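In what follows, a structure is listed as structure tokens, so that the remarks can point back to it.
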2 protein chains.
Amino acid sequence: MSTNFSITEENYIKAIFHLQEVNGMVSTNELAAELDTKPASVTDMLKKLKVKKMVHYEPYQAFKLSSDGKKLALNIVRRHRLWEYFLVEKLQFGWDEVHELAEQLEHVSDKKLVDRLDAFLNFPRFDPHGDPIPDSNGKMAQQEQVCLTELPVQTQAEVCSVGSQSSSLLELLSHKHIGIGTRLEIKQRFSFDNSIEIKIKDQQLITLSKELAQALFVKKI
Amino acid sequence: MSTNFSITEENYIKAIFHLQEVNGMVSTNELAAELDTKPASVTDMLKKLKVKKMVHYEPYQAFKLSSDGKKLALNIVRRHRLWEYFLVEKLQFGWDEVHELAEQLEHVSDKKLVDRLDAFLNFPRFDPHGDPIPDSNGKMAQQEQVCLTELPVQTQAEVCSVGSQSSSLLELLSHKHIGIGTRLEIKQRFSFDNSIEIKIKDQQLITLSKELAQALFVKKI
DNA sequence: ATATATTTTTAGATTCGTCTAAAATATTTT
DNA sequence: AAAATATTTTAGACGAATCTAAAAATATAT
Ligand SMILES: [Mn+2]
Ligand SMILES: [Mn+2]
Ligand SMILES: [Mn+2]
Ligand SMILES: [Mn+2]
């Protein structure tokens, strides 16, 4: 069944998977940007992945993963998120330090290892960033999280995920003492600049810019 | 400091380390056999490792690791054995199934990860095969184990390591119900064929061939 | 000391993943 | 519909790691 894939091939497949979640289809330039490589390299790899039946690709057209490709992608995402969970829960890493390590660990692909790790961790359904972890069949829980911008005034919610892992975002969040698990209440919205005022328990009111609010995902409580 | 090394370079360095433990020096053919590659490839890599100052090598002569090379080798061995311990202790793998997985995990090289894993496991000093785990400074505990062939009659001992991980050895051991941790007593030695008779608690006497005894390492109890 | 055998290195080719520069195709503007 | 622009693919080269076949050096045997 699943022939062996190189680390490079796995990285391409995972990147296509994430990009196609947005538009359904992916372009060569988009993928090159995502992988920090050149369009010419992407074309080469697409031809290879097509031979291996992992993508639906025709020259000069947008492409997407085949069902086999999607299956493999979900498996890679599973490994990535399980290792992230492991690093945070068992090795006491911060949720902002684990992504790069998981990028490496995700390529150790042994079904038994991954399933045992899953069991050891008690089958977690979400990773430390609030993203759902596919189970061994590739199914993932529905993400019950909502963007802060979509939440009505006076609602209480808990931060469960962030929209990016840029260090500039992380810097701002730590400055405002906001992290995964922080509970807050929406106090007021300002239509002029789409900023939001929130209150964290036992703290003063805080203002969040539109940009920041868009990067925060919460679940209602 | 430690420039980045490819997985391939790490594998060469680790293999040289293990081979030079025997004779002090390593030959091209020996290393090629160990890595299941061709002597020509070994020569190429030796030139590269020499430039990186990891080996003391002159054409046509036996070679060995530099002190930097040894340091890196100990680090790789540390990662390998910590992961083996993790897989057995936390993920319930058998000690005979973990080597191949550790071969992959050992190349995820992040100091913080390795040190945290070490702490999480409570700083184990020996891996599941009885081999000592280097600490974060590269120091390893003295191995107090002895080969079964060197043990006098009537001594009691506990199996703590095996000399190889070939499946033929593992098959024989499981047939005779011998594993890491098995306690036994030497009952008699036969000089004709150097076979040994041992007794395992609550079992009959068992005969071990010279070859098998040479592959078993124990510590006295 | 010469011949033979073994070990090691070199030369040249191959595969994978990448790149640059140029050509081909598609899209947008006028 | 032509021209201008943007996107994508091809052609050709390169570094890493490997291989085979042949040459060079070393070790062994006579
Ligand atoms: Mn991640
Ligand atoms: Mn994540
Ligand atoms: Mn091992
Ligand atoms: Mn071991």
Side-chain angles (χ1 to χ4, degrees), chain A residues 2-16 19-20 22-65 69 72-73 76 103-104 106-107 109, chain B residues 2-16 19-20 22-65 69 72-73 76 103-104 106-107 109:
Chain A
S2 78
T3 320
N4 238 38
F5 291 92
S6 70
I7 290 177
T8 312
E9 289 168 333
E10 286 197 349
N11 283 334
Y12 272 89
I13 287 169
K14 190 179 55 150
I16 298 171
L19 289 174
Q20 77 181 21
V22 185
N23 284 326
M25 289 282 166
V26 185
S27 78
T28 302
N29 271 356
E30 238 181 319
L31 184 50
E34 173 80 14
L35 289 170
D36 200 23
T37 184
K38 302 295 171 202
S41 310
V42 169
T43 301
D44 286 347
M45 181 58 83
L46 283 170
K47 287 192 280 196
K48 196 150 46 118
L49 292 179
K50 181 179 179 167
V51 170
K52 293 197 174 188
K53 296 210 192 318
M54 303 306 284
V55 288
H56 296 302
Y57 162 72
E58 294 302 328
Y60 292 102
Q61 307 209 170
F63 48 87
K64 62 178 177 182
L65 293 177
L72 175 54
I76 302 167
E103 285 293 307
Q104 299 196 45
E106 72 187 2
H107 300 294
S109 70
Chain B
S2 78
T3 320
N4 239 37
F5 291 92
S6 70
I7 290 178
T8 312
E9 289 167 333
E10 287 197 349
N11 282 334
Y12 272 90
I13 288 168
K14 191 179 54 151
I16 298 171
L19 288 174
Q20 77 182 22
V22 185
N23 284 325
M25 288 282 168
V26 185
S27 77
T28 301
N29 271 356
E30 238 181 319
L31 184 51
E34 173 81 11
L35 289 170
D36 199 21
T37 184
K38 303 292 170 203
S41 309
V42 169
T43 301
D44 286 347
M45 182 57 83
L46 283 171
K47 287 192 281 197
K48 197 151 46 119
L49 292 179
K50 180 179 180 170
V51 170
K52 293 196 175 189
K53 297 212 191 323
M54 304 305 284
V55 288
H56 296 302
Y57 162 71
E58 295 303 328
Y60 292 102
Q61 307 209 168
F63 48 87
K64 62 178 178 184
L65 293 177
L72 176 54
I76 302 167
E103 285 294 307
Q104 299 196 47
E106 73 187 1
H107 300 294
S109 70

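Quick caveat: nothing in here was measured; it's all calculated off a predicted structure. Protein chains get the first letters and strands the later ones, always in sequence-line order, with residue 1 at the start of each.
Listed pair B:S27 / C:dT7 fails the phosphate criterion, with no side-chain N or O lying under 4.0 Å from OP1 or OP2. The side chain of B:K38 contributes no N or O atom lying less than 4.0 Å from OP1 or OP2 of C:dT8. Close to C:dT8, at under 4.0 Å from its OP1 or OP2, lies a side-chain N or O of B:N29. Residue A:S41 has no polar side-chain atom (N or O) positioned under 4.0 Å from OP1 or OP2 of C:dT18. At the phosphate of C:dT8, neither OP1 nor OP2 sits under 4.0 Å from any side-chain N or O atom of B:Y57. OP1 or OP2 of C:dT18 has at least one side-chain nitrogen or oxygen of A:Y12 nearer than 4.0 Å. OP1 or OP2 of C:dC19 lies within a sub-4.0 Å distance of a side-chain N or O belonging to A:T37.
Spacing between atom CD of A:E58 and atom P of C:dA26 amounts to 12 Å, rounded to whole angstrom units. Between the P atom of C:dA11 and the CG atom of B:D44 lies a distance of 11 Å, rounded to the nearest Å. Residue A:L31 contributes atom CG, which lies 13 Å from atom C1' of D:dT8 at whole-angstrom precision. Between the P atom of C:dT8 and the CD atom of B:E30 lies a distance of 9 Å, rounded to the nearest Å. Distance CE (A:M45) to P (C:dT15): 16 Å, rounded to an integer number of Å. Atom CD in A:Q61 sits roughly 13 Å away from atom P in C:dT25 (whole-Å rounding). Counting to the nearest Å, the C1' atom of C:dC16 and the CG atom of A:N11 are 15 Å from each other. A:E9 has its CD atom 9 Å from the P atom of C:dC16, to the nearest Å.
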- Would B:T37 and B:Y12 count as a side-chain contact (heavy atoms from CB on, under 4.5 Å) if you check the C-alpha gap in whole Å, the side-chain angles of each, and the deciding distance to 0.1 Å? CA-CA 11 Å; B:T37 184; B:Y12 272 90; 3.9 Å; yes
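Note that CG of A:L49 is 12.5 Å distant from NE2 of A:H56, once rounded to the nearest 0.5 Å. Rounding to the nearest 0.5 angstrom, the gap separating the CG atom in A:L31 from the CZ atom in A:F63 is 5.0 Å.
Between the side chain of B:Q20 and the main chain of B:L65, a donor-acceptor pair closer than 3.5 Å is present.
In this structure C:dT30 sits in a base pair with D:dA1, meeting the Watson-Crick or G-U test at under 3.5 Å.
Within 4.0 Å of B:P59, counting heavy atoms only, lie sugar-phosphate atoms of the nucleic acid but no base atom. Across all strands, B:T43 comes closer than 4.0 Å to base atoms (heavy-atom distances).
When every heavy atom of B:E103 is checked against every heavy atom of B:H107, the shortest pair comes out as O-CD2, 2.9 Å.
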